[in-house]
Visitor: 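The structure is given below, and queries will be raised subsequently.
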Amino acid sequence: MLDESEKERWTRRGFLGASSAALAAGMLAANHTAGQSQDPARKAKSERSRSEPVPKNPALDEENLDSVNPPPTDAGGVQTFKYPFSIAHKRLHEGGWSREVTVRELAVAKTLAGVNMRLTAGGVRELHWHTAAEWAYMLYGTARITCIDADGKSFVTDVKEGDLWYFPPGIPHSIQGLPPDGTEFLLVFDDGNFSEYETVLLSDWMAHTPQDIVSRNFVVPRAAVEVMPNKERFIFQAEVPGPLAEDQRRAAGALGASPIDFAFRTMQQPPTKRTKGGEVRIIDSSNFKIAQNIAASLVTLKPGGLRELHWHPNADEWQFFISGKGRMTVFATGGRARTMDFETGDVGYVQKALPHYVENTGSHDLKFLEMFKSSYYQDLALSEWLSHTPPELVAAHLNLDKATLEALPRAKPVILPE
Ligand code: MN
Ligand code: MN
């Protein structure tokens, strides 16, 4: 059901044509107080024009209030910038599942793609690599990750909720769920065209290499390699691994462990910025050295919090909504703008340098990731632009009076209220 702030958003715009009876009842109750400041004639016209007499999909309508009933500032055709993981194909295996949102699902998302994956305790995403860089955020549980660096030295560690990892292109790696209940995580790749179906898998490679070559390569009798699977495993159920220190010791061998840390303990770092409205953590190659191709910002907006009007001069933004409810308007130039609603599991996207804001529209914290194909995080805010431009020049553009200009935040708040 709609919470109070959502009801307000429906009724503020005078929308009456609900497609579900329950929704209509809720809105009529709230409508009494909303929209009273509007001109009555305009309001009547607005209600008649916005009505939608034929029922659609009430559950989807409730989740997409700003599409069903756009704010009056929205205009023109703006390419869709939302895709929910909920409607992505789920590839189910014994041991877990995966689903992806790429440029094939979300056409505007050309620079980055994402995968949502679940592994049971013991479930393995098999040893593999790919031509894209992989950045990951742990959504749930615990996992053991392995890789070797470019010198062949091993890296093995355990990660928990909130932790990250990064594997550069061509670096072979694996992920395994740990007890008690495995893991769920988000992967982000620096290529919108990436596909989980097209990675270099150990089992797939061996199944497509002549067995006499494999036996000569391993210097073992052919019978010893004939037991290998004849097709890829991708995700499979295995026994839960033993103690971490033992896995690290055996993987390191005589070469020793890699000096590179491929994991990042996000919550061990203080927030980059904290205000009354929420907090932000920026993770890029300045504090997570190995992450050369992907930069990230983890944002928490409290109820009523606003990620201020801003843009990113250096890269497109790929978003993943971890929890809560929010909305974002993207101003797409030439008089075009669109507002869309987001909640847990949704992917959002903003093309390079297009202005946008994100608002918490729910009654709980809104937590989301901003991802960029870049070694560094960069943004510029409307407030810092206008407060660092000659005031008379700004006033001449927007008819703002001196008191308003002087009240603008000088230091970029990032999240409001400050
Ligand atoms: Mn991978
Ligand atoms: Mn942004």
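Counting convention: from 1, in listed order, for ligands and their atoms alike. A quick note: this is a predicted structure, and the numbers were derived from the prediction, not measured. Here, residue 1 is the first one in the sequence, and each next residue gets the next number.
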Visitor: In terms of side-chain heavy atoms, does Y357 have a donor or acceptor partner in T329 at a distance below 3.5 Å?
Guide: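 Side chains of Y357 and T329: pair found under 3.5 Å.
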Visitor: Under 6.0 Å from the six-membered ring centre of Y197 and within 45° of its axis: does the NZ or CZ of R91 meet both?
Guide: yes
Visitor: Is it the case that the side chains of S297 and R307 hold a donor-acceptor pair, with the cut-off being a distance below 3.5 Å and no angle test?
Guide: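 No pair is found: no donor N or O on one side chain lies under 3.5 Å from an acceptor on the other.
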Visitor: Aromatic rings F320 and W318: how do their planes relate, parallel, tilted or perpendicular, breaks at 30° and 60°?
Guide: parallel
Visitor: Could you tell me which N, O or S atom of E134 is nearest to the Mn ion (ligand 1)?
Guide: OE1
Visitor: Specify which N/O/S atom of H128 comes nearest to the Mn ion (ligand 1), by atom name.
Guide: NE2
Visitor: How wide is the angle at the Mn ion (ligand 1) spanned by H173 NE2 and H130 NE2, rounded to 10 degrees?
Guide: 100°
Visitor: Counting backbone and side-chain atoms alike, is an N, O or S atom of E317 positioned under 2.8 Å from the Mn ion (ligand 2)?
Guide: yes
Visitor: Quick one: the NE2 of H310, the Mn ion (ligand 2), NE2 of H356 angle, rounded to 10°, please.
Guide: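 That angle is 80°.
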Visitor: Checking D212 against S215: is there a side-chain donor and acceptor pair closer than 3.5 Å?
Guide: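 Short answer, no.
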